[in-house]
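These numbers come from a predicted model, not from an experiment.
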Amino acid sequence: MTHDIIVLGAGMVGVGCALHLQAKGQAVALVDRRAPGLETSYGNAGIIQREAIGPYALPRDFGFLWSGMLNQRVDVRYRASDAARMLGPLWAYYRNSAPEHYRRISREYETLIALSLDTHQALMNDAGAQALIAGQGYLMLYRTERELHSFFDVADERAQHGVHHIKLSGADVAREEPALVGRFAGAVRWTDPWAISSPGDLVQAYARLFEQRGGALHLGDAITLRKTDAGGWQVSTANGHTLTARQVVVALGPWTTQLTARFGYTAPVIPKRGYHMHYARLPGKPLNSTVIDAEYGYVVAPMKDGLRLTTGAELARVDAPRNPAQIDAAEKIARQSFPLGDRVDAEPWMGTRPCMPDMKPVFGPVPDVPGLWCAFGHGHQGFTLGPVTGELLAAMMTGETPRVDVRPFSPGRFA
């Protein structure tokens, strides 16, 4: 079966690429080893984060670094043997988090985030998926006055970039979320983001739209990718068919560079694993909106399957054994404040965010490999940035001028 383009990976980024390439008149085949939206895109906190105009920097204060090295934090954990292999990329991440570098990176990053709601809105309308928007905005909850007022300054600075918020006192938080237990200094309610009731369902809705428009969706393993004698590409499907195309997009999240390395391209990915667990809702104690416990770094979000608790980051290999310690620690703290019932899932879900040392995604042509493109490295914002990445990559691949400068996100910066 011959196509113009094969997209490998059916998460939010891959589906976004497939849809936008299709909209440019390309015949596209979308291939994944599982159904769409069942890997990293499935397990996030479900927020389309328009407010996230800067990526997650590595804090540079001594207290964070010391407690991090001791592996005592709830928001960040690591496997010692795996983190040791990441020392080079982690050192680059630390350097890029310095204020003078971070300001430049954030200016570039913001050009993508600014388009996130619009690009999702267009696909939601066409896919008939608006019902998956569970609410507008979310709460960034603080326990101490010092941290709260420091974050008020951050919110005011973001307001200068068109990001909207409301400052809440502890009493305001109690009125908005009466099921929360304990005293809180206050919160910032970001009012622009959208909370999604099931991230995996949204990816699947976009994938159905791709099929309805004539796209070909196949199960298959990306490891079968080969160059053809004619200068194109081919990949095998699970039912034994061979797909061929002039060009291929590798959008395999944390597994992307494992494949591109076979063709001479590697990049220093920092895997940040995350876990989630669903809990039953307690009768008469609703959680009205998604809440981030800012000082402990976990999220509790009302979802289709219950209240979803998602963790921060675990620095570990993609294929390293699961370690429930981080989600167990987060649950212990969350139960003191949030209306969590019994666990719903048999075991915690786990996924891996592919993060780059400069905190920016990677998309564009792979250097020195004609016809090979990639889209990965979105860190914590693949769910938010999938559609805009697809739009910009599709413009590049069809010879159009993208509506923002894509040079800061070029794969060539790691060549």
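- Counting heavy atoms of neighbouring residues, nucleotides and ligands inside a 6.0 Å radius, atom CZ of R322 exceeds 12 of them.
- W194 CH2 to I133 CD1: the interatomic distance, rounded to the nearest 0.5 Å, is 4.5 Å.
- Judged by distance alone, the side chain of R85 and the main-chain N or O of R317 form no donor-acceptor pair under 3.5 Å.
- Screening H164, H165, R50 for a side chain to side chain donor-acceptor pair (under 3.5 Å) with D192, the sole residue that qualifies is H164.
- The two residues L202 and A129 have their closest heavy-atom pair at CD1-CB, 3.9 Å.
- Taking the side chain as every heavy atom from C-beta outward, T389 and F409 never approach each other to under 4.5 Å.
- Ring pair Y265/F376 is perpendicular by interplanar angle, where above 60° counts as perpendicular and below 30° as parallel.
- Distance alone, capped at 3.5 Å, is enough to place a donor-acceptor pair between the T224 side chain and the S236 backbone.
- Using a 4.0 Å cut-off between a side-chain N of Lys or Arg and a carboxylate O of Asp or Glu, R34 and D32 do not qualify as a salt bridge.
- To the nearest 0.5 Å, atom CZ of residue F383 and atom CG of residue N44 are 5.5 Å apart.
- At a threshold of 4.5 Å between non-hydrogen side-chain atoms, the residues R213 and D126 count as touching.
- At distances below 3.5 Å, not a single donor-acceptor pair connects side-chain atoms of D75 with backbone N or O atoms of G312.
- Ion pairing between R413 and D358 holds under the 4.0 Å rule for side-chain N and carboxylate O.
- T310 places no side-chain N or O within donor-acceptor distance of the main-chain N or O of A45, the cut-off being under 3.5 Å.
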Next on the checklist: Checking M86 against Y93 for the side chain to side chain contact (heavy atoms under 4.5 Å, CB included) test, could you report, in this order, the C-alpha distance in whole Å, the side-chain angles of both residues, the deciding distance, and whether it holds?
Outcome noted: CA-CA 10 Å; M86 305 176 199; Y93 183 15; over 6 Å; no

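- Note that CG of L141 and CD of E176 are 11.0 Å apart. Values are rounded to the nearest 0.5 Å.
- For M356 against G377, the heavy-atom pair with the smallest separation is CG-O, 3.7 Å.
- Once rounded to the nearest 0.5 Å, the distance linking CZ of F210 with NE2 of H20 reads 12.5 Å.
- Using a 4.5 Å heavy-atom cutoff, the side chains of S41 and P199 are not in contact.
- Within 6.0 Å of the CG atom in D342, the count of heavy atoms belonging to other residues, nucleotides or ligands does not exceed 12.
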Item to check | side-chain hydrogen bond (donor to acceptor under 3.5 Å, both in side chains) assessment of N96 paired with H101 | outcome: CA-CA 5 Å; N96 283 319; H101 298 304; 4.9 Å; no

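- Between D328 and R343 there is a salt bridge, since at least one side-chain N of the basic residue sits less than 4.0 Å from a carboxylate O of the acidic one.
- Two residues are said to be in side-chain contact when any heavy atoms from C-beta on lie closer than 4.5 Å; L112 and F363 meet this criterion.
- Classification of the W91-Y94 ring pair by plane angle, with boundaries at 30° and 60°, yields parallel.
- When all heavy atoms are compared, the tightest approach of L392 to P402 is CD2-CB, 3.8 Å.
- Looking only at distances, no side-chain donor or acceptor of Q234 sits under 3.5 Å from a matching main-chain atom of T244.
- Within the 3.5 Å criterion, the main-chain N or O of E108 finds a donor-acceptor partner in the side chain of T111.
- In this structure, W233 CH2 and W373 CH2 are separated by 13.0 Å, a value rounded to the nearest 0.5 Å.
- Between E331 and Y279, the side chains place a donor N or O and an acceptor N or O closer than 3.5 Å (distance only, hydrogens not considered).
- Ring orientation note: the planes of F151 and W190 are nearly perpendicular, at an angle over 60° on the 30°/60° scale.
- By the 4.5 Å heavy-atom criterion applied to side chains, V299 and Y138 are not counted as neighbours.
- Between the side chain of R273 and the main chain of M350, no donor-acceptor pair closer than 3.5 Å is present.
- Between the Y102 side chain and the P55 main chain, a donor and an acceptor come within less than 3.5 Å of each other.
- The heavy-atom pair separating I6 from L243 by the smallest distance is CD1-O, 3.8 Å.
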Checklist entry - Are M359 and Y56 close enough, and set up right, to give a side chain to side chain contact (heavy atoms under 4.5 Å, CB included), and what steps lead you there? => result CA-CA 7 Å; M359 297 167 273; Y56 285 92; 6.0 Å; no

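- V369 has its side chain within reach of K227: a pair of non-hydrogen atoms, C-beta onward, lies under 4.5 Å apart.
- Residue K24 comes nearest to A394 through the heavy atom pair CG-CB, 4.1 Å, listed as atom of the first residue, atom of the second, then distance.
- Distance check: R353 CZ to H378 NE2 gives 15.0 Å after rounding to the nearest 0.5 Å.
- Here the side chains of E177 and L287 are in contact, with some heavy-atom distance below 4.5 Å.
- Put simply, the side chain of H276 never gets that close to the backbone of R308: no donor and acceptor are under 3.5 Å apart.
- Checked by atom type, the side-chain pair S289/R189 shows a donor-acceptor distance below 3.5 Å.
- With salt bridges taken as basic N to acidic carboxylate O contacts below 4.0 Å, one links D293 and R143.
- Closest non-hydrogen pair, A320 versus R79, comes out as CB-NE, 3.6 Å.
- In this structure the side chain of L168 never reaches within 4.5 angstrom of the side chain of R175, judged on heavy atoms.
- Atom CZ of F414 has more than 12 heavy atoms from other residues, nucleotides or ligands within 6.0 Å.
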Item to check | Test log, rule side chain to side chain contact (heavy atoms under 4.5 Å, CB included), inputs D4 and Q247 | outcome: CA-CA 7 Å; D4 296 321; Q247 301 184 91; over 6 Å; no

Item to check | Pair L315-L90, side chain to side chain contact (heavy atoms under 4.5 Å, CB included): steps then yes or no | outcome: CA-CA 10 Å; L315 300 176; L90 286 172; 4.2 Å; yes

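- The environment of CG in D153 is crowded: more than 12 heavy-atom neighbours from other residues, nucleotides or ligands sit within 6.0 Å.
- Checking side-chain atoms of T40 against main-chain N and O of T352 turns up a donor-acceptor pair under 3.5 Å.
- Applying the side chain to side chain contact (heavy atoms under 4.5 Å, CB included) criterion to S67, with sequence neighbours excluded, gives R73.
- For D368, the CG atom sits in a loose shell: 12 or fewer heavy atoms of surrounding residues, nucleotides or ligands are nearer than 6.0 Å.
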